[in-house]
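Heavy atoms only: backbone and side chains are in, while hydrogens, waters and symmetry mates are out. Below, chain A is the first sequence line, B the second, and so on; all start at residue 1.
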Number of protein chains: 4
Amino acid sequence: MAAAATTPGQRADMVRNRRLLLDAAAAAFAEHGLEASMGEIAQRAGLAKGTVFRHFPTKEDLLAAITLRLLDQLAGAAGRLLEADDAAAALREFMTNGVEALAADRAFCEVIGRPSLQHSEVRDAIAELCVTVEALTARAREQGAIRGDITGTDIVLLLGGIHQTAAPLLATQPEAWRRYLELTLDGLRTATPSALPHRPPLRPELTDSALT
Amino acid sequence: MAAAATTPGQRADMVRNRRLLLDAAAAAFAEHGLEASMGEIAQRAGLAKGTVFRHFPTKEDLLAAITLRLLDQLAGAAGRLLEADDAAAALREFMTNGVEALAADRAFCEVIGRPSLQHSEVRDAIAELCVTVEALTARAREQGAIRGDITGTDIVLLLGGIHQTAAPLLATQPEAWRRYLELTLDGLRTATPSALPHRPPLRPELTDSALT
Amino acid sequence: MAAAATTPGQRADMVRNRRLLLDAAAAAFAEHGLEASMGEIAQRAGLAKGTVFRHFPTKEDLLAAITLRLLDQLAGAAGRLLEADDAAAALREFMTNGVEALAADRAFCEVIGRPSLQHSEVRDAIAELCVTVEALTARAREQGAIRGDITGTDIVLLLGGIHQTAAPLLATQPEAWRRYLELTLDGLRTATPSALPHRPPLRPELTDSALT
Amino acid sequence: MAAAATTPGQRADMVRNRRLLLDAAAAAFAEHGLEASMGEIAQRAGLAKGTVFRHFPTKEDLLAAITLRLLDQLAGAAGRLLEADDAAAALREFMTNGVEALAADRAFCEVIGRPSLQHSEVRDAIAELCVTVEALTARAREQGAIRGDITGTDIVLLLGGIHQTAAPLLATQPEAWRRYLELTLDGLRTATPSALPHRPPLRPELTDSALT
DNA sequence: GATGAATGAGTGTTCATTCAT
DNA sequence: CATGAATGAACACTCATTCAT
């Protein structure tokens, strides 16, 4: 009844609903891929369809939000690991977390690959993630823990690749990605590196490609 | 009967249409992923919708056909490379061809990963490919060209992973996969291999996972 | 909750639409038989196609709903007539109402006959109707108003038969069914009944036949 | 090779194919109703789809042909029974044959009821059947075997009604129609006929209704 | 004449999105 | 602001019909 009290209450609800929706959407996309319907997401969140659209005017918007959350999570982890002493261990931990996160979020790869992604926030988040991971990678490079020709953007891209390698086994061997992560790490720290036949991708290229 | 063999007639048109359709479907799926509609495929092929369904009674059937074509192509290449003297070079060439082929067929990865794949022909073709690639891999292993803990099924899975790593760059740097292939090869032939933390996938697990 | 009951609002519209749809469907089926398309029904109701499917997720569901409405109407009439003094007049009135109702609902006969009818509600409603009509028939039998070898299920089946007899005349002589109803009633009350060559159908047989 | 010999040979094939098609169509329609597809009919006949359309340019035409065959069969039977001594027995036999034939030809009722039937041949055949049956009925009337207010057209219409009465039981009790035929015959020969409340249908009304 | 491949309008159904309540 | 009914553009798929061989 207190006029002032209602507004914060509603705000609180909106925040709660937004979180419910993001969780529901993540679960739904993880299970059915991008084909998961807005209706199912609403149901999982225990909300009405209209409410979903109030929060995310478009399915693409919801996708962007969920992707941003993952990117933020990864960037946060990378930032925290910058403080670690052992750069090699830090990089390994980042990649472990990263691949694991992808496994829980089947939509992510599909979203990253889709050329129609319009959201500049996502592009910015990807770029930012690449910057932080480059810092992480640079330390490992400087410590001689990994070869010199690998960039942070390489590392970010490799997360998706490792996940994809193990994806066909997800149903029967959900931990198989660990095998391919290790194999990749062996490639990164090889004592006898080949000359890589293609220059490293630049950050803007990654994000632009997500645009074109 | 002899007459029938000499009279290509209608049959020739059908063969041509089938090829038109497979090509159109590959292109459409490459562009829009599995969401590409049967209608668009028909249009791309310059045929009527009904014709698509005469050739492939179901979207799933068309998908299976397109996937089989790719698998056959890979298995054929692998088989031919079994004759080569230099096992390491042969394996490298197989993987090069493989990743290149995947780039042209974006549907492939989505199809391989999809749990509902019902076509036993596809499952059989995957299994067969794994067998041939295992032979190819075994020779490289025996020649000491790659580490001892990598199987043919690993190699097949890695094709998808390498492709995925470079996929976000496809639009701007279509050759970027070469970088990640080389990196992977470095991992495969490392002089100081780590103990891989997960046992190698068995062939049946791969194909079963495509089933479950 | 009290508030919800007093606020017809949206709900009122939905109820109205449901009725519009049932009426439109009845008309469409009456005109074109079961081939009437969901699209046409939507158009007749002045609603969009999607709305039809929101109310009745399947054509079969719509069919079931329309059939249930008719069955309920018949069962209600039969129940009310159980109170009448003159059992013969009551039975006649029931049959009159019944055949008249069928004339307005050409789908009914096709639905009743269709073996794939999955809806247990319809089966239950048929069974229930047969029970009530058996009560009505029993009274007439006991009063000697009709022969002793006729059951309620016979009466229910005869409604469809009488309707069908006059169906080819519907367009030019919409009241012709009265002629065949009277003829049937004469058969039912004949003073010199033949031995009927086939045992009476059991209720479960009727409903099971709609199942098998 | 003899130029003259080919024509009769082809003629013979055409006649054979026509019969194959009519039988296949009758079976298919009996099983699935009018929804039976031209494709299935072709398959059942062991012929190609094109051949069906050479014989019957339209599904409606095939329907008409099949219906004509049934009508001819009934008219033939009625004609033959005109010679019998016992008119009552003859009428009973005609009706028995008639209802039995309908049971084997589920399409017939649907065809008779369908207002869009355009074929004048069918209309003529119905009219002719009514004439012959009227002769049969007249004899029974004159012999006092049935009531005086029943016409041949009534009898023809009753065939469909009796069949429909038992139709819902067809799957579980294929002979149930005998029960309702007997009941109808009791109505026809009742010693105390009611005044039928609607004048008898005229032949042209029947056939016109099939037109409107 | 027989064949069956091609056609394309039509069907039931789904789903992102809008909007009245 | 939340709700869920209404919308209508797709979609996969079917089938009578046409026509090149």
**Message:** So, OP1 or OP2 of E:dG1: does either fall under 4.0 Å of a side-chain N or O from D:His55?
**Reply:** no
**Asked** Are B:Asn17 and E:dA5 close enough that a side-chain N or O sits under 4.0 Å from OP1 or OP2?
**Response** no
In whole angstroms, how far is the [atom2] atom of [N] from the [atom1] atom of [X]?
| X | N | atom1 | atom2 | value |
| --- | --- | --- | --- | --- |
| C:Arg54 | F:dT3 | CZ | C1' | 11 Å |
| C:Asp13 | F:dA5 | CG | P | 11 Å |
| D:Leu62 | F:dA16 | CG | P | 10 Å |
| B:Arg16 | E:dA5 | CZ | P | 15 Å |

**Asked** Can you name the side-chain contact (heavy atoms from CB on, under 4.5 Å) partners of B:Thr51, sequence neighbours left out?
**Response** B:Leu47, B:Ala48, B:His55
**Prompt:** Nearest to the side chain of B:Thr51, which nucleotide is it out of E:dA2, E:dT7, E:dG4?
**Reply:** E:dT7
**Prompt:** With sequence neighbours left out, what residues match D:Arg44 under side chain to side chain donor-acceptor pair (under 3.5 Å)?
**Reply:** D:Glu31, D:Glu40
**All salt bridge (charged side-chain N to carboxylate O under 4.0 Å, His left out) counterparts of B:Asp72, not counting sequence neighbours** = none
**Asked** Do B:Asp124 and B:His119 have a side chain donor and acceptor closer than 3.5 Å?
**Response** no
**Complete:** Per-residue pairing states of DNA chain E in dot-bracket (Watson-Crick or G-U under 3.5 Å; . unpaired, | other strand) read .||||||||||||||||||||
**Message:** When you measure from the side chain of B:Lys59 to the backbone of B:Leu34, do you find a donor-acceptor pair of N or O atoms at a distance under 3.5 Å?
**Reply:** yes
**D:Asn17 side chain to D:Met14 backbone, donor-acceptor under 3.5 Å** = no
**From D:Gln43 atom CD to D:Ser37 atom OG, the distance as rounded to the nearest 0.5 Å** = 8.5 Å
**Request:** Could you encode protein contacts along nucleotides 11-16 of chain E as a string, one character per nucleotide from 5' to 3', using B for base contact, S for sugar-phosphate-only contact and - for no contact, with a heavy-atom cut-off of under 4.0 Å?
**Result:** SSBB-B
Report all side-chain donor-acceptor pairs from residues 18-30 of chain D shorter than 3.5 Å, counting only partners two or more places apart or in another chain.
| from | atom 1 | to | atom 2 | distance (Å) |
| --- | --- | --- | --- | --- |
| D:Asp23 | OD1 | D:Arg69 | NH1 | 2.9 |
| D:Asp23 | OD1 | D:Arg69 | NH2 | 3.1 |

